[in-house]
Enquirer: 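Following this message is one structure expressed as structure tokens.
These numbers come from the heavy atoms of this one structure, side chains and all, not from hydrogens, waters or symmetry mates. Just so it is clear: chains get the letters A, B, ... in the order the sequence lines come, proteins before strands, and each one is counted from 1. As the structure is a prediction and not an experimental result, all values here were calculated from the model.
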Amino acid sequence: MFEKFDKALARLEDGSMIFLMAVAICLTFLQVVMRYVFSAPLYWAEEVVLYSIIVMSFVGISIGIRLGSHISVDLLDALVPEKHIPVLRMIAIVLGILFAGALVYFGGKLFLNTLDRGQLSPALRIPVAAIYAIIPVSGLLSLFRYGYAFVQLRQGKQIAASEENLRAM
Amino acid sequence: QEFTFTFGHVLMEDTPNGKAARAFEKEVEEKSNGRIEINVIPAGGLGGDVDIIEQLQNDLVQIAIPPTATLGNFEPKLQVLDLPFILPSEEMMVKVLDGEVGRSILDTLDQHGMHGVNFWGAGFRNITNNVREITSVEDLAGIKMRTMQAPVILTQYNEWGANPTAMAFAEVYGGLQAGVVDGQENPIANIVAMKFYEVQKYMTLSSHAYHGYAAVMSENAWNSLPDDLRAIVVTAFDNARDLARELTNEYEAEELAKISSDIAVHRLTDAEKEAFIKGSFAVHEAFADVVTPELINSIYAVTGAGPK
Amino acid sequence: MLSGLLLSFGGLLLFGLPIFAALAFAVVVAVGFWGPFDPVIVPMRMFAGMNNFSLMAIPFFILASELMRIGGLSQRLVDLATVLVGWIPGGIAAATVLSCLFFGAISGSSPATVIAIGSIMFPALVAAGYDRFFAIGLITVAGTLGPIVPPSIGLIIYGSVTGASVGKLFAGGVGPALLIGALLIAACVIFAIRRGYPRQDFPTRAAFLLAIRRSAWGLGLPFLLLGGIYSGIFTPTESAAVACMYGWFVGAVIYKQIGVDELKSILKSSGAIAATLLLITAGASAFSWLLTITGAPGNLSSQVLSNTSDPFTIAALFNVVMLVTGFFLDSASAIIVLAPLLQPIAAQVGIDPVHFGLITVVNFSVGMLTPPVGLNLFVAMGVSKMSLRDVLRGCLPFIAIMIVALILITYVPWITLWLPDLIYAQ
Ligand code: NA
Ligand code: NA
């Protein structure tokens with residue numbers, strides 16, 4: 001069950017990352033063309049580009065957990081005997097779960113507060129809360145990822161790790 | 001002390017409003033005999049204007065002076081103050097903002113977790129550009145203007161035939177220098193602070209919109225103050241507002257003299273201004289539904305500068 | 001609370017939380033246990049920390065360099081560089097520094113420079129026989145030339161918070177950039193000779209012409225970008241998007257190396273790399289908010305100043321304060337927080353505001369190289385696929401060179417001021 005959900009989620013995450021990245025690039029380029037060639041700049045382009053990349057980055061939290069591509073300091077690994085490494089992994093995962101929980105809780109609170117106060121984005125005039133919604137969502141995705149890693153570690157599996165994954169996608 | 005309030009703003013310490021914030025801090029701390037401590041964090045240390053408003057709504061910051069244009073993202077009625085020439089002169093600006101109409105505008109902030117106290121300001125906005133001297137609406141045709149991200153201002157320049165565009169504040173200097181954009185609008189204080197006059201040829205003293213700051217407190221901070229301290233705080237806000245306006249006028253006169261060797265300055269004549277005002281009513285009309293016709297008319301009633 | 005913040009951060013980092021999460025979660029822990037603040041500030045600042053268009057240069061340049069790498073542009077440029085300067089001792093390394101100076105003239109951002117130059121020159125240096133520590137250290141440090149050579153986002157921010165002329169600051173950046181560039185190039189030549197790095201044969205006329213012809217499309221890019229920026233067609237940030245389009249066009253249409261599948265996978269991998277970097281900016285933004293509201297940087301500088309009034313010592317202490325701040329803050333936040341505090345004091349002891357601006361920007365450029373918050377290091381990890389420890393090890397000798405340059409720039413005002421004095425002399 002976990003595996004199937006994992007695959008579906010991964011496809012969704014990857015798909016949105018490709019889409020958002022493409023939107024940001026194309027719009028920035030289009031803005032240059034519109035302003036220079038047609039003298040008709042798009043006043044909303046900058047905002048859409050920013051929001052796309054920000055949403056993409058929040059989605060990148062759980063993608064980074066899946067691929068093990070987040071940058072961390074592996075100082076203790078070198079100091080701790082080999083057999084205790086799984087304990088370290090477990091601590092890191094538990095901390096990750098707490099962090100993801102905080103993201104869900106406080107991100108959700110920010111979302112609700114902002115929704116309540118009706119703040120609009122400067123250019124598009126869409127509710128800022130709609131964009132903030134990505135924060136608790138990214139927290140939920142991360143909770144799943146850390147939870148999955150927790151289960152895998154309990155089952156004694158090695159967790160997929162590091163840069164090669166990122167490049168091999 | 002009983003109360004500690006963080007006062008966050010994005011202005012430099014040596015600007016008129018930056019100095020007024022310090023004067024406010026001093027007055028409140030002295031008059032309250034130390035029962036209130038104010039912690040001023042200037043220069044965007046806590047973030048930009050939108051960030052500071054959000055922090056104030058969540059009571060992370062208790063006092064702020066965001067631009068009315070930015071508050072328009074939170075309460076659409078605030079946009080009325082950014083309509084071009086809605087406040088046609090310094091005198092009328094004082095009459096509207098410090099009077100009943102100003103109070104009613106501030107009261108609309110209550111439902112957004114803020115208490116509006118009064119209006120400070122950085123002077124009126126003026127137009128600079130590199131294409132030509134601007135003396136009429138027609139002169140703006142085709143000019144690429146960098147503006148704040150505010151619907152009123154975008155509509156205004158579209159209506160006037162210019163091409164408004166957004167650009168991050170930190171990139172404007174380079175953008176003007178290279179010619180990515182031709183012009184921008186700001187009060188003299190910002191034009192001087194950001195050195196835009198170094199990379200702009202023409203400045204028109206159009207004074208088309210007042211760059212007002214609404215002094216706001218977080219709902220929680222305002223409600224927690226007992227009446228005696230409230231009185232002290234409100235008086236200090238008023239004194240700081242008056243100081244900011246006085247310093248702004250002195251500052252503008254001084255700085256204008258200094259930069260006029262770098263940039264050609266044109267002050268709109270009465271006739272030119274009259275024509276600009278006529279060209280602004282379409283913008284007023286476009287936003288009547290958003291800010292309510294009643295509000296616009298109540299301002300016209302004070303200024304007497306509505307469409308005939 | 002401050003010690004609570006630093007301790008939780010250290011602990012979280014040590015026990016394996018990613019840097020961005022450790023920064024953000026330490027703020028949650030600190031305000032949750034010790035502070036009067038609602039932790040809702042953390043997601044708020046994470047969002048706001050990324051909500052800055054100038055930062056978009058990072059994802060765009062990452063994508064551009066991936067497109068050029070997969071599309072075959074990078075390899076051809078590397079071949080050309082090897083032919084051109086490979087016969088000089090330390091030639092390719094020197095060319096790397098020159099490329100950073102050159103690219104710095106179009107980019108105001110330090111990590112963007114590392115990505116753009118590093119993804120081309122790192123493989124070239126390694127292929128030419130340089131050890132990878134030397135290669136990545138050189139690139140990571142030379143990347144800081146990006147914001148020292150004008151245009152510079154850091155100098156613009158400094159100008160706006162202190163009132164110094166941006167034009168003079170830009171002119172002031174030229175001297176220090178040339179000094180740092182010269183020191184780095186000197187180091188390259190010395191390293192190369194002492195370690196006996198291999199040299200190529202002097203190229204034949206045919207090999208030279210072939211390399212030029214093969215890399216013509218790649219050579220077009222800097223002209224396109226520089227030309228576009230200086231003629232006002234696009235901003236430096238937008239130039240990164242133009243570079244992407246160009247890289248895609250050449251890779252897909254001319255060299256036919258990038259199909260739809262390749263494009264998707266490039267978008268995905270560069271998006272993931274960009275996200276990890278932007279998230280660190282996001283976490284650091286929450287962290288710096290708490291530092292600022294507790295007044296930590298102000299307290300640090302007033303404590304430091306309480307001991308002395310000697311200009312020479314004050315300048316030295318300022319450097320220390322800025323270097324320490326640079327460990328934790330990114331350069332934009334650090335300038336916003338510290339420059340308004342320090343510049344007036346510097347002016348009192350006779351340091352010119354333009355001179356002080358360059359001292360500030362060079363200090364925080366070093367901050368881009370120091371953990372735990374050092375974006376250049378993380379970008380370099382991506383470029384080289386080396387661990388943080390290895391990248392840092394490679395950087396150390398070059399950081400030492402930066403410190404030497406910083407001392408010279410601090411105590412020899414002429415390095416900074418000759419050009420602004422020349423241009424603005426009346
Ligand atoms: Na630069
Ligand atoms: Na650092």
Enquirer: Is any side-chain heavy atom of T292(C) less than 4.5 Å from a side-chain heavy atom of I41(B)?
Expert: yes
Enquirer: Give the minimum heavy-atom separation between N39(B) and I293(C), together with the two atoms involved.
Expert: ND2-O, 3.6 Å
Enquirer: Out of curiosity, L60(B) CG to R45(C) CZ, how far, rounded to the nearest 0.5 Å?
Expert: 10.5 Å
Enquirer: Under 6.0 Å from the NZ atom of K168(C), do we count more than 12 heavy atoms belonging to anything else shown?
Expert: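 Open: at most 12 neighbouring heavy atoms sit under 6.0 Å from NZ of K168(C).
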Enquirer: Looking at chain B, which one of G228(C), G295(C), A164(C) has the largest number of heavy-atom pairs inside 4.5 Å, strictly under?
Expert: A164(C)
Enquirer: Would you give the length of the straight line joining atom OH of Y173(B) to atom CG of L155(C), rounded to the nearest 0.5 angstrom?
Expert: 11.0 Å
Enquirer: Taking all non-hydrogen atoms of both residues into account, name the closest pair between I41(C) and Q55(B) and its distance.
Expert: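 Heavy-atom minimum between the residues: CD1-CG, 3.7 Å.
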Enquirer: Sort T235(C) into side chain, backbone, both or neither according to what part of it lies under 4.5 angstrom from a heavy atom of chain B.
Expert: both
Enquirer: Which distance, rounded to the nearest 0.5 Å, do you find between the CD of E198(B) and the CZ of F170(C)?
Expert: 10.0 Å
Enquirer: Checking heavy atoms, do the side chain of F37(C), its backbone, both or neither come under 4.5 Å from chain B?
Expert: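 For F37(C), the contact with chain B is made by backbone and side chain together.
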Enquirer: Can you find a pair of side-chain heavy atoms, one from W289(C) and one from D51(B), that are under 4.5 Å apart?
Expert: no
Enquirer: For E13(B), which atoms come within 4.5 Å of any heavy atom of chain C: side chain, backbone, both, or neither?
Expert: neither
Enquirer: Side chain, backbone, both or neither: which part of A339(C) has a heavy atom under 4.5 Å from chain B?
Expert: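 The answer is neither part of A339(C).
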